[in-house]
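All ligand and atom numbering here is 1-based and tracks the order in the structure.
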Amino acid sequence: MLADSHAHLEMNDFDRDRDEVIRRAENAGVDLIITVGTTLDDCRKAVSIANKYKNVYAAIGIHPHEVKDIDETTYETLKKLAKMDKVVAFGEIGLDFFRNLSPRDVQIRRFGEQLELASEIGLPIIIHDRDAHQETLEMLGGWKGKHRGVVHCFSGNYKMAEKCLEMGFFISIPGAITFGKSEKLQDVVRHIPVTDILVETDAPYLTPHPNRGKRNEPAYVIHTARKVAEIKGLSLEELASVTYQNTKNVFGIK
Ligand SMILES: [Zn+2]
Ligand SMILES: [Zn+2]
């Protein structure tokens, strides 16, 4: 049993073969996938995919790249979607100061608003942070929401990871851990308890070794899990089972 805590099955990249992608995941032992909508349209699509496949659950929210398009109806629509059965998280929300596809001041304002919305709705959150570690920590530190969540595709150092754990967040490890130059991320895995770790693909992006260069898909989360297991001195089965349970816990899946 293995969970992919973060994928984008709703993206057009999977329109042509979504059934097979999900079947391949099942055959690889990946029987829990969280699919994360990044725009309003993709959030609707993520919910309908979750409704169709037993092992798929949805997260809804507006990605920092897309927050420039938020208008006065967006949050009302998200509130309605949040009530659907298989919606288990709010996100991914956060800051991306690497690509800056939305202006930084807009990202910060919308991140604050979406944090508030998540605590009003009462869902755990999925945080996206790229090149914005300090700002992300400050905003999460000031946030009063009860339901914590996960910092996905973690890219900070272990000191940042410890701060996230203190605030009650899980750390989700991406396929980058399988790359040659992943010392910082390996260090994070070494320092934090396995009971605070999730694994993810972020498919269709960030394909792990040895599939690098191909489109990523949930079945490949096994490569990330294997590497994390090796660092922690656990068997793949042990690591899979703990991270599977962690994923269920953080998202309140029975
Ligand atoms: Zn992300
Ligand atoms: Zn993502």
| task | Could you check which N/O/S atom of E92 is closest to the Zn ion (ligand 2)? | result | OE2

| Name of whichever N/O/S atom of H8 is nearest to the Zn ion (ligand 2) | NE2

| task | Determine, for D105 against R110, whether the closest basic-nitrogen to carboxylate-oxygen distance falls under 4.0 angstrom. | result | no

| Backbone or side-chain N/O/S of H6 under 2.8 Å of the Zn ion (ligand 1) | no

| query | Same cluster for L117 and L40 if Ile/Leu/Val/Met/Phe/Trp/Tyr side chains link at under 4.5 Å? | reply | yes

| Does the ring pair (Phe, Tyr, Trp, His ring centres under 6.0 Å) test come out yes or no for H63 and H128, once each step is laid out? | CA-CA 8 Å; H63 190 287; H128 173 106; 4.5 Å; yes

| request: Would you give the length of the straight line joining atom CG of L140 to atom CD of E166, rounded to the nearest 0.5 angstrom? | output: 13.0 Å

| task | Spell out, yes or no, whether F98 and L101 are grouped together once hydrophobic residues are joined by side-chain heavy atoms under 4.5 Å, including indirect joins. | result | no

| said: When you measure from the Zn ion (ligand 1) to the N, O or S atoms of D202, does any of those distances fall below 2.8 Å? | reply: no

| Within less than 2.8 Å of the Zn ion (ligand 2), any N, O or S from H128? | no

